[in-house]
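For reference, the structure is listed below as structure tokens.
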Amino acid sequence: MKIGAHQLRNGLFVAPMAGITDRPFRRIARRMGAALAVSEMISSRPELRESRKTRLRRDHAGEPGPISVQIAGSEPQMLAEAARYNAELGADIIDINMGCPAKKVCNVSAGSALLEDEPLVGRILQAVVAAVDVPVTLKIRTGPAPGRRNAVRVARIAEDAGVQALAIHGRSRADLFAGRAEYETIAEVKSRVRIPVIANGDVETPQDAKRVLEQTGADGIMVGRAAQGRPWLFRAIAHYLETGRHLPAPRAPEIGALLVEHLEGLYGLYGEEQGARVARKHIGWTVRDLPGGEAFRAEVVRIADARAQQRAVDDYFARLAA
Ligand SMILES: Cc1cc2nc3c(=O)[nH]c(=O)nc-3n(C[C@H](O)[C@H](O)[C@H](O)COP(=O)(O)O)c2cc1C
């Protein structure tokens, strides 16, 4: 699959997740088989450009390309300017967030709220595409509400505006994260546009990925929550799609080594104090299904010091290996 001039090695995408898919997470997920990892959304408001949060979110040091940066906002010119700014900083792809269900993203009506206003969607996409030389991609939900699914119309607007790929989460804005994602709307969109379509929502296993690809005819799959604490899921999905066979589950030493690498990345990006706080949820997700994982999680959340946290993780995995 190609996005603009970027030939991707497969059709597996890491879903952008604010607070989770930061640089350390993306690097590991990419190495574990994902072709592309969209950054956490960055506000288009210029006054937030130099905030610590934005600076950390746009940190791509050492990350393999292509780099896809997601911007959020509702003002066409402001989004166009944000796209230009991030492209100048090195973004290879600009992704626009029209999928986030939060009422307000950074205090403006943005994300999937924009799906209510199709003319505005068109103005935003035209402005952003005109502003940059790099490909522009779009992430949406199926529509504002289950009874008002306008993803096909939005996809057409996107294609006409020059958007080069479209990711669709199979829920409407009103669904938030309730119920299960549906794939009929994604299939319909895929049958009505020529740009690559990436199916997203509730893909948790290699079989899910295969089934959703078959049901939708989509060109790619985007995985978010199921990869939390399980970055090797991308490798497992890629292998299964290629061969029809399952890879053996990773063993504790590999999981431990990946987690330690992740922790080092978090301490390096955020500093040890914040890094250790961010790390807690990743540790919890990683050990969730391992022997004694719950007890270890309860113990490790009480540790504030990064080095003590890392030693505790090392000890836990050493006990598992013994
Ligand atoms: C904690 C969290 C943060 C998210 N942040 C973003 C974001 O910054 N931009 C975006 O487009 N979607 C965001 N999403 C939505 C995901 O990209 C994805 O569409 C959704 O989780 C469904 O996929 P999944 O079932 O594989 O998790 C977020 C989801 C979660 C759970």
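Start at 1 and go down the list; that is how both ligands and their atoms are numbered. No hydrogens, no waters, no symmetry mates; every other heavy atom, side chains included, goes into these values. It should be emphasised that the depicted structure is a prediction, and the values quoted were computed from it without experimental measurement.
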Quiz item: Taking atom types as modelled and ignoring hydrogens, do the side chains of Q310 and R307 form a donor-acceptor contact shorter than 3.5 angstrom?
Solution: yes
Quiz item: Mind checking what makes salt bridge (Lys or Arg N to Asp or Glu O under 4.0 Å) contact with R211, not counting sequence neighbours?
Solution: D208
Exercise. Enumerate the protein residues lying less than 4.0 Å from ligand 1, judged by heavy-atom distances, in chain and residue-number order.
Key: A15, P16, M17, A18, I20, M41, Q70, N97, K139, H169, F177, N200, G201, D202, V223, G224, R225
Quiz item: What orientation do H246 and Y240 show, parallel under 30°, tilted 30 to 60°, or perpendicular over 60°?
Solution: parallel
Quiz item: What residues join L263 in its hydrophobic cluster, counting side-chain heavy atom gaps under 4.5 Å, either direct or through other members?
Solution: I28, M32, W232, I255, L258, L259, V260, Y267, I283, V287, L290, F296, V300, I303, V313, Y316, F317, L320
Exercise. Could you state whether Y85 and M41 fall into the same hydrophobic cluster, counting links through intermediate Ile, Leu, Val, Met, Phe, Trp or Tyr residues with side-chain heavy atoms under 4.5 angstrom apart?
Key: no
Show the atom names and distances, to 0.1 Å, of all donor-acceptor pairs under 3.5 Å that link a side chain in residues 125-139 to residues at least two apart or in another chain.
{"from": "T137", "atom 1": "OG1", "to": "D95", "atom 2": "OD1", "distance (Å)": "2.7"}

